[in-house]
S.K.: 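For reference, the structure I am asking about is given below.
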Amino acid sequence: MNRSKALVTAPLVILSMAIFIALGFWQLDRAAQVKELEAPYQELPMVDLAEISMPNANLSGEAVNRIVRFSGTYVTQLDAPNQIDSKGATATWAIGLMEVDGGGNILVVRSDREVEMPRGDVEVIGRIFHRQYEDVIERDGQSLSRLDPALLLARYGGDFYDGFVIAQSETLKGRALDIQRVSAEPARPTVPGYYWQHIAYVVIWWLMALVVLFLPFYSIRRKRAIT
């Protein structure tokens with residue numbers, strides 16, 4: 001291999017190897033994520049909503065599934081049809097739009113059936129989830145097609161917390177509201193594929209890096225053998 005050709009080939013080999021090695025490490029991280037998701041969910045202590053979220057900001061991954069506590073006044077109550085709980089039951093959920101003490105609005109899943117909206121300052125304890133991205137019904141302007149505060153911006157304006165909370169309890173004037181609650185397990189983030197599949201890809205990417213490293217030497221040896 002002449003000098004000019006080597007100057008072109010060497011950077012390409014190094015770049016290709018770097019890409020394949022990086023892909024291997026990326027796949028290794030994915031395998032670790034799959035392994036982590038297989039572990040039982042560890043419940044974290046309850047926190048005030050304001051400690052992990054704020055209006056007009058995306059809900060962080062660390063905040064999802066936390067048990068939060070907040071209080072405020074319900075502005076209105078809406079229906080969210082075709083929602084599925086942790087037991088696989090489909091129902092129309094009663095959704096309260098609450099104006100939180102201290103500012104901002106948040107969606108609160110109150111029950112899996114029709115209930116009366118309380119008047120006055122209500123303390124809520126519940127699990128916070130990320131907003132839904134796909135409609136479960138056609139939009140008709142009456143019911144929520146998905147649990148997403150963005151659907152209410154035009155109608156109510158103001159500041160909104162991202163996501164929604166499935167209430168575990170509500171307290172009004174020191175009295176717990178005795179209504180049927182929605183059963184909901186912590187959301188489980190997903191990583192496509194199985195652990196062994198990701199490990200297999202790690203091996204493949206790193207073998208490709210070795211192949212790229214070997215090819216120039218093989219080419220040189222082959223030319224020498226011919227001459």
Side-chain angles (χ1 to χ4, degrees), residues 40-53 55 59 63-102 104-153 155-156 158 160-190:
Y41 177 75
Q42 298 293 322
E43 194 72 85
L44 296 174
M46 181 172 60
V47 295
D48 290 335
L49 175 64
E51 292 184 30
I52 61 168
S53 184
L59 188 66
V64 175
N65 288 328
R66 293 295 301 269
I67 302 297
V68 294
R69 174 180 53 215
F70 56 95
S71 60
T73 305
Y74 284 114
V75 176
T76 189
Q77 188 157 279
L78 305 159
D79 292 334
N82 287 354
Q83 294 293 328
I84 303 174
D85 64 16
S86 60
K87 298 177 182 178
T90 301
T92 296
W93 291 356
I95 311 296
L97 176 61
M98 173 175 280
E99 184 178 342
V100 179
D101 294 340
N105 301 298
I106 192 167
L107 293 175
V108 180
V109 179
R110 303 191 57 233
S111 180
D112 57 3
R113 59 199 62 191
E114 186 177 348
V115 290
E116 183 180 354
M117 186 178 76
R119 306 291 180 180
D121 200 67
V122 178
E123 182 184 71
V124 176
I125 293 176
R127 191 182 301 278
I128 191 166
F129 293 83
H130 208 283
R131 64 185 178 275
Q132 295 177 346
Y133 291 100
E134 298 182 359
D135 291 341
V136 295
I137 62 167
E138 292 185 9
R139 299 187 189 183
D140 58 10
Q142 303 298 321
S143 301
L144 289 175
S145 59
R146 66 178 186 271
L147 297 180
D148 183 354
L151 299 179
L152 301 177
L153 286 174
R155 195 186 314 179
Y156 296 98
F160 280 80
Y161 283 88
D162 190 16
F164 60 95
V165 171
I166 294 185
Q168 297 176 344
S169 70
E170 295 173 289
T171 304
L172 174 65
K173 297 179 181 179
R175 181 177 63 87
L177 301 182
D178 185 18
I179 61 177
Q180 180 71 36
R181 300 294 175 185
V182 170
S183 64
E185 299 294 334
R188 301 289 290 181
T190 59

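What you see is a predicted model, and the numbers here were worked out from it, not measured in a lab.
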S.K.: Within the 4.5 Å heavy-atom criterion, are F164 and V108 side-chain neighbours or not?
M.R.: no
S.K.: Which atom names give the shortest non-hydrogen contact between N82 and V136, and what distance separates them?
M.R.: ND2-O, 3.4 Å
S.K.: Considering only heavy atoms from C-beta outward, does the side chain of L49 approach that of I128 to under 4.5 Å?
M.R.: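 The answer is yes; the side chains approach within 4.5 Å.
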S.K.: I'd like to know if R146 and D148 make a salt bridge, using a cut-off of under 4.0 Å between side-chain N and carboxylate O.
M.R.: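 Result for this pair is yes, salt bridge flagged.
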S.K.: Show me the side-chain donor-acceptor pairs of residues 111-120 shorter than 3.5 Å, one per line, residues at least two apart or across chains.
M.R.:
residue	atom	partner	partner atom	Å
S111	OG	R113	N	3.3
S111	OG	Q180	O	2.6

S.K.: Please find the pair of heavy atoms, one from S143 and one from I137, that lie closest to each other, and give the distance.
M.R.: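 Looking at all heavy atoms of both residues, the closest pair is CB-CD1, 4.0 Å.
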S.K.: With side chain to side chain contact (heavy atoms under 4.5 Å, CB included) as the criterion, how do I67 and V47 come out once you've worked through the C-alpha distance, each side chain's angles and the decisive distance to 0.1 Å?
M.R.: CA-CA 7 Å; I67 302 297; V47 295; over 6 Å; no
S.K.: Side chain of Q168, backbone of G126: donor and acceptor closer than 3.5 Å?
M.R.: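 It does not hold such a pair.
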S.K.: Search all heavy atoms of A184 against all heavy atoms of S86 and return the closest pair with its distance.
M.R.: N-OG, 3.7 Å
S.K.: Considering all heavy atoms of both residues, which atom of I125 and which atom of M46 are nearest to each other, and what is their separation?
M.R.: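 Taking every non-hydrogen atom into account, CG2-SD, 3.6 Å.
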S.K.: Give a yes or no answer on whether the side chain of D79 reaches the backbone of P81 with a donor-acceptor pair at less than 3.5 Å.
M.R.: no
S.K.: Quick one: OG on S169 to CD1 on I179, what's the gap to the nearest 0.5 Å?
M.R.: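 Result: 10.0 Å between the selected atoms.
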S.K.: Closest heavy-atom contact between G96 and R110?
M.R.: N-CG, 4.0 Å
S.K.: Check E123 against S71 and note the closest heavy-atom contact, atom names and distance.
M.R.: CA-CB, 3.9 Å
S.K.: Are R181 and E170 close enough for a salt bridge, meaning some N to O gap below 4.0 Å?
M.R.: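 A salt bridge is present here (some side-chain N lies under 4.0 Å from a carboxylate O).
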S.K.: What distance do L97 atom CG and N105 atom CG have between them, rounded to the nearest 0.5 Å?
M.R.: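 CG of N105 is found 5.0 Å from CG of L97.
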S.K.: Would you say N65 and R127 make side-chain contact, with heavy atoms under 4.5 Å?
M.R.: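 Yes, their side chains come closer than 4.5 Å.
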S.K.: Do I95 and Q77 pass the side chain to side chain contact (heavy atoms under 4.5 Å, CB included) test, and can you show the C-alpha distance, the side-chain angles, and the key distance before you say yes or no?
M.R.: CA-CA 6 Å; I95 311 296; Q77 188 157 279; 5.9 Å; no
S.K.: Considering only residues two or more places apart or on different chains, which pairs with a residue in residues 64-95 satisfy ring pair (Phe, Tyr, Trp, His ring centres under 6.0 Å)?
M.R.: none
S.K.: If we check side-chain contact (heavy atoms from CB on, under 4.5 Å) with M98, which of these qualifies: V122, L107, T73?
M.R.: V122
S.K.: Just so I know, are the side chains of E138 and S145 near enough to count as touching, which here means a heavy-atom distance under 4.5 Å?
M.R.: no
S.K.: Hey, does the side chain of D48 reach the backbone of E51 with a donor-acceptor pair shorter than 3.5 angstrom?
M.R.: no
S.K.: Measuring from R131:CZ to D162:CG, what's the distance to the nearest 0.5 Å?
M.R.: 4.5 Å
S.K.: Step through the shown structure and confirm whether more than 12 heavy atoms of other residues, nucleotides or ligands are within 6.0 Å of CD on E99.
M.R.: no
S.K.: Within the structure provided, determine whether I106 and F160 are in side-chain contact (heavy-atom separation under 4.5 Å).
M.R.: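 When only atoms from C-beta onward are counted, F160 and I106 do not touch, as no gap falls below 4.5 Å.
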S.K.: Go through the steps to decide whether I52 and V68 satisfy the test side chain to side chain contact (heavy atoms under 4.5 Å, CB included), and finish with yes or no.
M.R.: CA-CA 9 Å; I52 61 168; V68 294; 3.4 Å; yes
S.K.: If I take atom CZ from residue R69 and atom OG1 from residue T171, how far apart are they, to the nearest 0.5 angstrom?
M.R.: 11.0 Å
S.K.: Mind checking what makes side-chain hydrogen bond (donor to acceptor under 3.5 Å, both in side chains) contact with T76, not counting sequence neighbours?
M.R.: none
